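So the structure is just underneath, and the comments pick up after that.
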2 protein chains.
Amino acid sequence: MTDRPSGDTKRGETLLYLTDEQLRKGIEAMFFAYKGFTSDPDRILVERGYGRAHHRAIHFIHRSHGTTVNNLLEILGVTKQSLNRVLRTLIEDGLVESRVGTRDKRERHLYLTEAGQVLERELSDVQQARMRDAFRSAGPGAVAGFRTVLEAMMDPEMRRRYQRLAENGQ
Amino acid sequence: MTDRPSGDTKRGETLLYLTDEQLRKGIEAMFFAYKGFTSDPDRILVERGYGRAHHRAIHFIHRSHGTTVNNLLEILGVTKQSLNRVLRTLIEDGLVESRVGTRDKRERHLYLTEAGQVLERELSDVQQARMRDAFRSAGPGAVAGFRTVLEAMMDPEMRRRYQRLAENGQ
DNA sequence: TGGCAATGTCAACAACGCTGACATAAAATG
DNA sequence: CATTTTATGTCAGCGTTGTTGACATTGCCA
């Protein structure tokens, strides 16, 4: 906003213009790339009668074995009613197991069953394949830049969660 | 997929492991960053009773003044019924104008009205502000890498549309 | 003139966000 | 021990936005 004070488009027109165009490109790149990013898993999910919300739950349960419902709620940033609808079907379908906590019996710890792990593998295979191809063709420097910018784009709270996950990353 | 043939996790365990972890981080970065990316406009949209679909329509109509409905359909990748629902409200609310084509009278050319431009500006201001901050803190090299990876992640058809838009970019 | 293209619209449905209200069990606290 | 708070689940209802299928209108084109 400091480059283009509201109402001022005179100062440094050309530079300004380029900057705005660059930002617009970034915005559109996010839109089109996110579409590609989700398209492969989406195809698999539809066959099973699931949606993206199921994928996200499966992903983070896989990522953090035995996480609690509350923890998952924070990561996903949805309401418990919304998450519960998804979790219920996953548990009914035998993809996720919910175990009562030992230390705190109010908590439910979530785990992928074998069937759940199979689907998780299937979903992350196609998503990782696309990411791998993109990373390869872009090169290591670009990959670093990619992650740096994405991290900077997150809300601070989300960035913290992202980094915490990365640390726990086996 | 060539790094980790299905069922084989023995070969080059450590290197393999790092790669998988890197991909996972990339996937999670996309998830958390996209959340941040949409959060600021979302806040504004809710106040007006609009959603993300309205934002997307407004964005691309702004980007390509006088674009046709069909063109917009291709860019957005949704059904005409879905787009029409959004367009109808925008036209009713006086944010978008639909003019019958001169060359081909079947076509409708779409334009933002002044009110539409005001909202567009408001939405892109906050979204660009976040993008600008992210770009600044990441640095020019990271920005280039960011866009390279995102472009590589798009479906070829979408990449073509993205690049075509970028060319037309004033 | 007949066929195809561009658009709009009606209806129904599904996924997945949301709010609000309420219930239960268990932990925590005074 | 009584009370409050926490973690979870559930019911009901609503809104946005995607889908499919069907059908109508208008206009271009061969």
Side-chain angles (χ1 to χ4, degrees), chain A residues 31 34-35 38-39 41-61 66-93 96-111, chain B residues 31 34-35 38-39 41-61 66-93 96-111:
Chain A
F31 171 68
Y34 197 78
K35 212 172 238 297
T38 55
S39 62
D42 279 355
R43 253 173 252 124
I44 295 171
L45 291 160
V46 164
E47 290 170 13
R48 308 251 191 159
Y50 294 139
R52 258 177 226 179
H54 298 85
H55 185 189
R56 290 196 279 263
I58 288 172
H59 175 96
F60 286 109
I61 292 172
T67 186
T68 64
V69 172
N70 249 350
N71 196 354
L72 202 51
L73 279 175
E74 282 185 349
I75 287 173
L76 295 174
V78 297
T79 59
K80 64 172 177 172
Q81 294 91 331
S82 216
L83 175 58
N84 197 264
R85 185 163 39 193
V86 164
L87 272 185
R88 203 188 314 162
T89 71
L90 289 176
I91 291 170
E92 279 170 5
D93 296 353
V96 167
E97 200 191 332
S98 165
R99 298 185 207 151
V100 173
T102 50
R103 217 187 35 200
D104 187 333
K105 288 180 187 170
R106 291 171 304 178
E107 292 178 340
R108 300 299 139 94
H109 297 270
L110 303 169
Y111 302 87
Chain B
F31 171 68
Y34 198 78
K35 213 172 238 294
T38 55
S39 62
D42 279 355
R43 252 174 253 122
I44 295 172
L45 291 160
V46 164
E47 289 170 13
R48 307 252 191 157
Y50 294 140
R52 259 177 226 179
H54 297 86
H55 185 189
R56 291 196 279 262
I58 287 172
H59 175 96
F60 286 110
I61 293 172
T67 186
T68 64
V69 173
N70 249 350
N71 195 354
L72 201 51
L73 279 175
E74 282 185 348
I75 287 172
L76 295 174
V78 297
T79 59
K80 64 171 178 173
Q81 293 92 330
S82 213
L83 174 58
N84 197 263
R85 185 163 38 198
V86 165
L87 274 185
R88 204 188 314 162
T89 70
L90 290 175
I91 291 170
E92 279 171 4
D93 296 353
V96 168
E97 200 191 333
S98 164
R99 297 185 207 151
V100 173
T102 50
R103 216 186 37 197
D104 186 331
K105 289 180 185 170
R106 290 171 305 179
E107 292 179 340
R108 300 301 139 94
H109 297 271
L110 303 169
Y111 302 87

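To find a chain, count down the sequence lines: A is the first, B the second, and so on, and within it residues start at 1. What's counted below: heavy atoms across the whole structure, side chains too, no hydrogens, waters or symmetry copies. Source: prediction; values computed, not measured.
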A:L45 side chain reached by A:D42 side chain, heavy atoms, under 4.5 Å
yes
Which part of the nucleic acid does A:H54 contact within heavy-atom distance under 4.0 Å: base, sugar-phosphate only, or nothing? sugar-phosphate
With a 4.0 Å cut-off (strictly under) to non-hydrogen atoms of chain B, the first and last hit nts on DNA chain D, 5' to 3', are D:dT16 to D:dC28
Requested in this report: Examine distances only and state if a side-chain atom of B:K35 and a backbone atom of A:L76 form a donor-acceptor pair shorter than 3.5 Å.
Outcome: yes
message: Tell me whether the side-chain N/O atoms of B:R52 come closer than 4.0 Å to OP1 or OP2 in C:dC16.
response: no
**OP:** Could you check whether B:G49 gets within reach of a base, just the sugar-phosphate, or nothing at all, counting any heavy atom under 4.0 Å?
**Re:** sugar-phosphate
| Taking atom types as modelled, is there a side-chain donor on A:S98 or A:H109 under 3.5 Å from an acceptor on the other? | no
(Q) For a quick check under 3.5 Å, do A:T67 and A:N71 share a side-chain donor-acceptor pair by atom type? (A) yes
Rounded to whole Å, CZ of A:R108 lies from P of C:dT24 at a distance of 14 Å
| said: Just by distance, no angles: are the side chains of B:R52 and B:T38 close enough, under 3.5 Å, to form a donor-acceptor pair? | reply: yes
Salt bridge check, A:R99 against A:E97: does any charged N sit closer than 4.0 Å to a carboxylate O? yes
From CZ of A:R99 across to C1' of C:dA25 the rounded distance in Å is 21 Å
Expected list for residues 71-87 of chain B near DNA chain C, using heavy atoms below 4.0 Å, is B:K80, B:Q81, B:N84
The answer to which of A:T68 and B:R106 contacts DNA chain D further toward the 5' end, by nearest nucleotide, is A:T68
- request: Examine B:R56 relative to A:F31 and say whether NZ or CZ is less than 6.0 Å from the centre of the six-membered ring and inside a 45° cone about the ring axis.
  value: no
> If only atom types and distance count, is the side chain of A:T89 paired as donor or acceptor with the main-chain N or O of A:V86 below 3.5 Å?
Replying inline: yes
To the nearest angstrom, the CZ-C1' distance between B:R43 and C:dC18 comes to 16 Å
